[in-house]
**Q** 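Structure incoming, see below.
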Amino acid sequence: MNGEGAIGREDIEGYLLATEIEGTKGHAKLVDIRGGDLVLDRDDLQSVARTLLEYGSDGEAGPVALVVQGTLNIDMAILLKQRVGPRPFRVFADALDARGWLMTPRTGTPASPDQQASAAR
């Protein structure tokens, strides 16, 4: 997902819903909002955090790498990360670092079809 302009609660919650509808909830997600601004007040921040917790509560959600730029966006992303808890969700300033983290295998998470095929060889 690439975000531009003002990115609010509805945008984030809509994106999460779309991943469920499309069947991509379990996939790794690189969310690059370097071209946008997180616009979340206290209630929005709590709502998004609650939505992310519910989204990942079944253990089927893939990891999320959030790429942000700018002091206010970084601060907002860190506040969000603190509220999300232990699920695989990290904040990055560099998209390459985010991609590297997403490609790192995680213990207890299902392997991708490509990883499964490589292991079978």
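Source: prediction; values computed, not measured. Sequential numbering from 1 along the given sequence is applied to the chain's residues.
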**Q** How many angstroms lie between OG in Ser47 and CD in Glu10, if you round to the nearest 0.5 Å?
**A** 8.5 Å
**Q** Assess whether side chain to side chain contact (heavy atoms under 4.5 Å, CB included) is satisfied between Leu38 and Leu80, documenting all intermediate values.
**A** CA-CA 11 Å; Leu38 284 171; Leu80 185 58; 5.8 Å; no
**Q** Can you sort out the partners of Lys81 under salt bridge (charged side-chain N to carboxylate O under 4.0 Å, His left out), two or more places apart, ordered by chain and number?
**A** none
**Q** Answer yes or no: is there a donor N or O on one side and an acceptor on the other, between the side chain of Asp11 and the main chain of Gly8, under 3.5 Å?
**A** yes
**Q** Taking atom CZ of Arg83 as the centre, does the number of heavy atoms from other residues, nucleotides or ligands within less than 6.0 Å exceed 12?
**A** yes
**Q** Quick check for you: to the nearest 0.5 Å, what is the distance between Asn73 atom CG and Ile78 atom CD1?
**A** 11.0 Å
**Q** Report yes or no: does Thr24 contribute a side-chain atom to a donor-acceptor pair with the main-chain N or O of Glu20 at less than 3.5 Å?
**A** no
**Q** With a 6.0 Å cut-off (strictly less than), is the heavy-atom count around CG of Leu72, excluding the residue itself, greater than 12?
**A** no
**Q** State plainly whether the residues Asp43 and Arg9 are in salt-bridge range, i.e. N to O under 4.0 Å.
**A** no
**Q** Do side-chain atoms of Asp32 reach the backbone of Arg34 as a donor and acceptor pair under 3.5 angstrom?
**A** yes
**Q** Under 3.5 Å, side chain of Ser57 to main-chain N/O of Glu54, donor-acceptor pair present?
**A** yes
**Q** Using every non-hydrogen atom in the two residues, find where Ala98 and Val67 come nearest and quote the distance to one decimal.
**A** CB-CG2, 3.6 Å
**Q** Can you tell me how far CD of Gln69 sits from CG of Asp94, rounded to the nearest 0.5 angstrom?
**A** 10.0 Å
**Q** Which heavy atom of Leu66 sits nearest a heavy atom of Ala77, and at what distance?
**A** CD2-CB, 3.7 Å
**Q** Do Val31 and Leu17 sit in the same hydrophobic cluster, where Ile, Leu, Val, Met, Phe, Trp and Tyr count as joined when their side-chain heavy atoms come under 4.5 Å apart?
**A** no
**Q** Please give me the minimum heavy-atom distance between Val48 and Glu13, naming the atom from each residue.
**A** N-OE2, 3.9 Å
**Q** How close do Val39 and Ala6 get, counting heavy atoms only, and between which atoms?
**A** CG2-CB, 3.8 Å
**Q** Please examine the side chains of Arg99 and Leu102, heavy atoms only from C-beta on, and report whether any two atoms are closer than 4.5 Å.
**A** no
**Q** Side chains of Phe92 and Val68, heavy atoms from C-beta outward: is any pair under 4.5 Å?
**A** no
**Q** With rounding to the nearest 0.5 angstrom, report the CD1 to CG distance, Ile7 to Leu40.
**A** 9.0 Å
**Q** How about Lys25 and Asp58: do any of their side-chain heavy atoms sit closer than 4.5 Å?
**A** yes
**Q** How far does CZ of Phe89 sit from OH of Tyr55, to the nearest 0.5 angstrom?
**A** 11.5 Å
**Q** Mind listing the closest non-hydrogen atom pair of Val64 and Trp101 along with its distance?
**A** O-CZ3, 3.3 Å
**Q** Would you say that Leu52 contacts Leu16 through its side chain, given a criterion of any heavy-atom pair below 4.5 Å between the two side chains?
**A** yes
**Q** From the options Leu45, Val91, Asp37, select the one residue that forms a side chain to side chain contact (heavy atoms under 4.5 Å, CB included) with Met76.
**A** Leu45
